Amino acid sequence: MKLRFSRKMLCIPYAVFLLFFVIAPMLVIVYYAFTDKNNHISFMNFVNFFSDPTKLTTIAYSVVVALITTVVCLFIAFPVSFILARSKFKRKSVILLLFVTPMWINFVLRINAIRELMNWIGLLGEANYFNTVFGMVYDFLPFMILPLYTQMSKIDNSLYEACSDLGGNAFTSFFRVTVPLSVPGILSGATMVFLPSMTNYVVSDMLGNSKVTIIGKFIETYFGTNWHMGSMIALILLAVVLLSSILSGGFKQEENVRGTSL
């Protein structure tokens, strides 16, 4: 009997990868989250998390830091992306490359460089929360610029001409054409910045002198001493991430938007 090749067989490597590197680890996390130290089924980890003010304050602080980081990245990236997308520079790709180049350098090395710079200026240790947000913005800014620039580059110039023909000025075209058609890029960039900002405790540790604790640090700490509580915190963080993705439209199919009402 000959084995016939089917296009469905192409999904086998992906199914194996998902099984061993996604589903299996997730089942382990769920097992530890809902068991106690004697490996008996227990919901005490869930109860203890929401009854501990320190943990609730930490996750709230993590959300606030991620929101501030996302907003700052958006305010910086939007005008930069708009200028690059609308300009007639022949070397726009080179300028865009300058924003992406730091991502090629090791993450720890980049944060160490920023740490030394802030220490030289005299900010390190004096404004720990500012340092954390500053490091987050520095690290995730390219993730906001790239989707915004890509989305703005797709806007048809005829829409701006139509807006001008209808009596619109630069202010009107910006808010009636650029902003509405940039929403998919904004949502994509916000998701790419907000979600990792909640868990990137390396920045808060190195720039905040370990005085700033976010939810990712909690997970790292508990996995060194108590896998059961660490797994529960990881599941709760996963729920927050999924909720954030749903609210931001991260699971919606991208629409091919060509224009908006003028």
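Just so it is clear, the structure is predicted and the values come from calculations on it, not from any experiment. Basis for what follows: all heavy atoms, side chains included, without hydrogens, waters or symmetry-related copies.
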Between F174 and F78, does the ring pair (Phe, Tyr, Trp, His ring centres under 6.0 Å) criterion hold? Intermediate values first, please.
CA-CA 12 Å; F174 179 79; F78 201 95; 5.7 Å; yes
Candidate pair Y138 and F134, rule ring pair (Phe, Tyr, Trp, His ring centres under 6.0 Å), full reasoning
CA-CA 6 Å; Y138 166 76; F134 182 87; 7.2 Å; no
Please test Y149 against F99 for ring pair (Phe, Tyr, Trp, His ring centres under 6.0 Å), starting from the C-alpha separation and ending with a verdict.
CA-CA 12 Å; Y149 172 78; F99 290 100; 9.8 Å; no
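Inter-residue side-chain proximity for E220 and D205 is flagged as unmet; no heavy-atom pair is nearer than 4.5 Å. The shortest distance between side-chain heavy atoms of R86 and N157 falls below 4.5 Å.
M229 CE to F218 CZ: the interatomic distance, rounded to the nearest 0.5 Å, is 9.5 Å.
No side-chain donor-acceptor contact under 3.5 Å links S153 to the backbone of A85. Within the 3.5 Å criterion, the main-chain N or O of A66 finds a donor-acceptor partner in the side chain of T70. Remark: side-chain polar atoms of T199 are paired, donor with acceptor, to backbone N or O of P196 under 3.5 angstrom.
Between F50 and F46, the ring planes are tilted. Angles from 30° to 60° get that label.
Atom CZ of F107 is surrounded by more than 12 heavy atoms from other residues, nucleotides or ligands within 6.0 Å.
Closest non-hydrogen pair, K154 versus T150, comes out as CG-O, 3.3 Å.
For F175 and F171, the ring centers are positioned less than 6.0 Å apart.
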